[in-house]
Amino acid sequence: MRQFGEYHGPHDQRLWHLLGLISETEIKAGRHALSAIVVIKSGDGANSPGSGFFELEKGLGRYDVDDDTTWSSEVNGLFEYWPKH
């Protein structure tokens, strides 16, 4: 993986891009956004997804009435789908 450069932690935009690609692929396959389970560790917004998650949901037409409802819908969908597969 060094061919892509050195990883610089959770603020590395390459990580954000990769999370988006994974979620887009899952959604296209009829599943839910796996990035819904990736949350901010501490500080502002701790224990919830970052703004990129909600931007992706809006861009894909999946955003619901607010951030919490959108996030809950994706997480619930993941926990409904994956135990059966």
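Computed from heavy atoms alone, side chains included, the values below leave out hydrogens, waters and symmetry copies. Just so you know, residue 1 is the first one in the sequence shown, and it goes up from there.
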Can I get a per-line list of side-chain donor-acceptor pairs under 3.5 Å for residues 28-35, giving both atom names and the distance, sequence neighbours left out?
{"from": "Arg31", "atom 1": "NE", "to": "Glu26", "atom 2": "OE1", "distance (Å)": "2.6"}
{"from": "Arg31", "atom 1": "NH2", "to": "Glu26", "atom 2": "OE2", "distance (Å)": "3.2"}
{"from": "His32", "atom 1": "ND1", "to": "Glu74", "atom 2": "OE1", "distance (Å)": "3.0"}
{"from": "Ser35", "atom 1": "OG", "to": "Ser23", "atom 2": "OG", "distance (Å)": "2.7"}

Looking at residues at least two apart in the chain, or sitting in another chain, which of them share a side chain to side chain donor-acceptor pair (under 3.5 Å) with [X]?
{"X": "Glu57", "value": "none"}
{"X": "Asp12", "value": "Arg14"}
{"X": "Thr25", "value": "none"}

From Lys58 atom NZ to Phe53 atom CZ, the distance as rounded to the nearest 0.5 Å:
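The CZ atom of Phe53 is 11.5 Å from NZ of Lys58, to the nearest 0.5 Å.
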Once rounded to the nearest 0.5 Å, what's the spacing between atom CG of Asp66 and atom OG1 of Thr69?
3.5 Å
Considering only residues two or more places apart or on different chains, which pairs with a residue in residues 41-51 satisfy side chain to side chain donor-acceptor pair (under 3.5 Å)?
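Residue pairs passing side chain to side chain donor-acceptor pair (under 3.5 Å), neighbours aside: none found.
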Taking Ile27 as the starting point, is it possible to reach Leu21 by hopping between hydrophobic residues whose side chains are less than 4.5 Å apart?
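As far as the 4.5 Å side-chain criterion goes, Ile27 and Leu21 are not connected within one cluster.
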Is a side-chain donor or acceptor of Thr70 paired with a backbone partner of Asp64 at a separation under 3.5 angstrom?
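A pair under 3.5 Å: yes.
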Where the side chain of Trp71 meets the backbone of Ala36, is there a donor-acceptor pair that is under 3.5 Å apart?
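Between the backbone of Ala36 and the side chain of Trp71 there is a qualifying donor-acceptor contact (under 3.5 Å).
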Under 3.5 Å, which donor-acceptor pairs link side chains of residues 75-85 to any protein atom two or more places apart or in another chain?
{"from": "Asn76", "atom 1": "ND2", "to": "Ser72", "atom 2": "O", "distance (Å)": "3.1"}
{"from": "His85", "atom 1": "ND1", "to": "Tyr81", "atom 2": "O", "distance (Å)": "2.7"}

